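Everything numeric here is computed off the predicted structure, so don't read it as measured data. Atoms within each ligand, like the ligands themselves, are counted from 1 in listed order. Atoms considered below: every heavy atom in the structure, side chains included; atoms not considered: hydrogens, waters and symmetry mates.
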Amino acid sequence: MPDENNNTNTKAVFLIGFMGSGKTTWGRKLANQTGRAFIDLDETIVSETGVAITDYFAQHGECAFRELESRILKNLPLDRPTIVSTGGGAPCYFDNMAWMNKTGITIYFYLPAKALWDRLMQTDVSTRPALNGLSGEALLAFIETKLAERDPYYRQAGHVVNQLSLKLEELVKLAN
Ligand SMILES: Nc1ncnc2c1ncn2[C@@H]1O[C@H](COP(=O)(O)OP(=O)(O)OP(=O)(O)O)[C@@H](O)[C@H]1O
Ligand SMILES: O=C(O)C1=C[C@@H](O)[C@@H](O)[C@H](O)C1
Ligand SMILES: [Mg+2]
């Protein structure tokens, strides 16, 4: 379906938030709904490096990953209307958050730590190296600490939405 609002639809939309907040799932839905292109930053990193993110962390370390992530973010092909689902840590390194705010519309998917934990416990946590292989109560404590650390970066977004009550129509309006 073509985008209904032609005057602002050249701007990229960056979805940001903690791991498991639904950036990839909702990014795809938003792109389908608005007829825009969809890019998942994590998937782009995997296709450009040819290795899974867990393996990249293991082989090169987190610092190298953050530099690569920032470089790939700033070189995404954004010449047409695009929805970008970012990685959970991307807004918290270098000037990535300022760059996204300057380049497009930024939307933070807020979820409380407990809700993130419930979701992440249903997924394969081994594919998320930033979780350090934790599970159960230790994972919940880690998410609480990490979210508190990252929340000030995420809140620099132009829009903050409570992902638990988010409706697709609301997201479409914010993206215009
Ligand atoms: N509204 C929702 N209600 C319940 N579960 C959801 C919802 N949105 C996404 N999920 C589930 O939560 C998990 C994480 O979602 P998703 O992979 O989209 O998050 P993400 O923000 O892209 O995470 P990451 O930063 O790790 O890439 C998935 O298993 C997905 O099916
Ligand atoms: O929150 C994080 O630090 C990460 C989230 C994922 O999206 C990936 O970008 C990677 O696993 C790191
Ligand atoms: Mg994702």
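Note on Thr24: counted as a metal contact of the Mg ion (ligand 3), an N/O/S atom lying under 2.8 Å.
Classified by interplanar angle (parallel below 30°, tilted 30° to 60°, perpendicular above 60°), the ring pair Trp26/Phe109 is perpendicular.
Every heavy atom of Glu43 sits 4.0 Å or more from the atoms of ligand 2. Not a single heavy atom of Gln122 sits less than 4.0 Å from an atom of ligand 1. Taking a 4.0 Å cut-off on heavy atoms, Gly20 registers as neighbouring ligand 1. Heavy-atom distances between Phe109 and ligand 1 stay at or above 4.0 Å for every pair. Within the structure, ligand 1 has Ser21 among the residues with a heavy atom less than 4.0 angstrom away.
Closest to atom 8 (C) of ligand 2, if we only count protein heavy atoms, is Asp42 OD1, 3.3 Å. Atom 13 (C) of ligand 1 has Thr123 CG2, 4.1 Å as its closest protein atom, hydrogens excluded (heavy atom only). Among all non-hydrogen protein atoms, the one lying nearest atom 10 (C) of ligand 2 is Ile53 CG2, 3.9 Å. Nearest protein heavy-atom contact of atom 15 (O) of ligand 1 is Thr25 OG1, 3.6 Å. For atom 12 (C) of ligand 2, the nearest non-hydrogen atom of the protein is Arg66 NH2, 3.9 Å. In terms of protein heavy-atom proximity, atom 4 (C) of ligand 1 is closest to Arg119 NE, 3.7 Å.
For ligand 2, the polar-atom distance check finds no N/O of Thr127 at less than 3.5 Å from any of the ligand's N/O atoms. For ligand 1, the polar-atom distance check against Thr24 finds a nitrogen or oxygen pair separated by under 3.5 Å. The shortest N or O to N or O distance between Gly87 and ligand 2 is not under 3.5 Å. An N or O contact shorter than 3.5 Å links Gly22 to ligand 1 by distance.
The backbone and the side chain of Met19 each have at least one atom closer than 4.0 Å to an atom of ligand 1 (non-hydrogen atoms only). Contact annotation for Leu120 and ligand 1: no heavy atom of the residue comes within less than 4.0 Å of the ligand. Contact annotation for Lys146 and ligand 2: no heavy atom of the residue comes within less than 4.0 Å of the ligand. The part of Arg128 lying near ligand 1 is the side chain, judged by heavy-atom distances below 4.0 Å. Residue contacts with ligand 2 for Phe65 involve side-chain atoms from C-beta outward but no N, CA, C or O (heavy atoms, distance under 4.0 Å). If you look at Glu62 next to ligand 2, there are no close heavy atoms at all, none under 4.0 Å.
In this structure, the side chain of Lys23 engages the main chain of Gly17 through a donor-acceptor pair within 3.5 Å.
When Glu69, Glu67, Glu62 are each tested for a side chain to side chain donor-acceptor pair (under 3.5 Å) with Tyr93, only one passes: Glu62.
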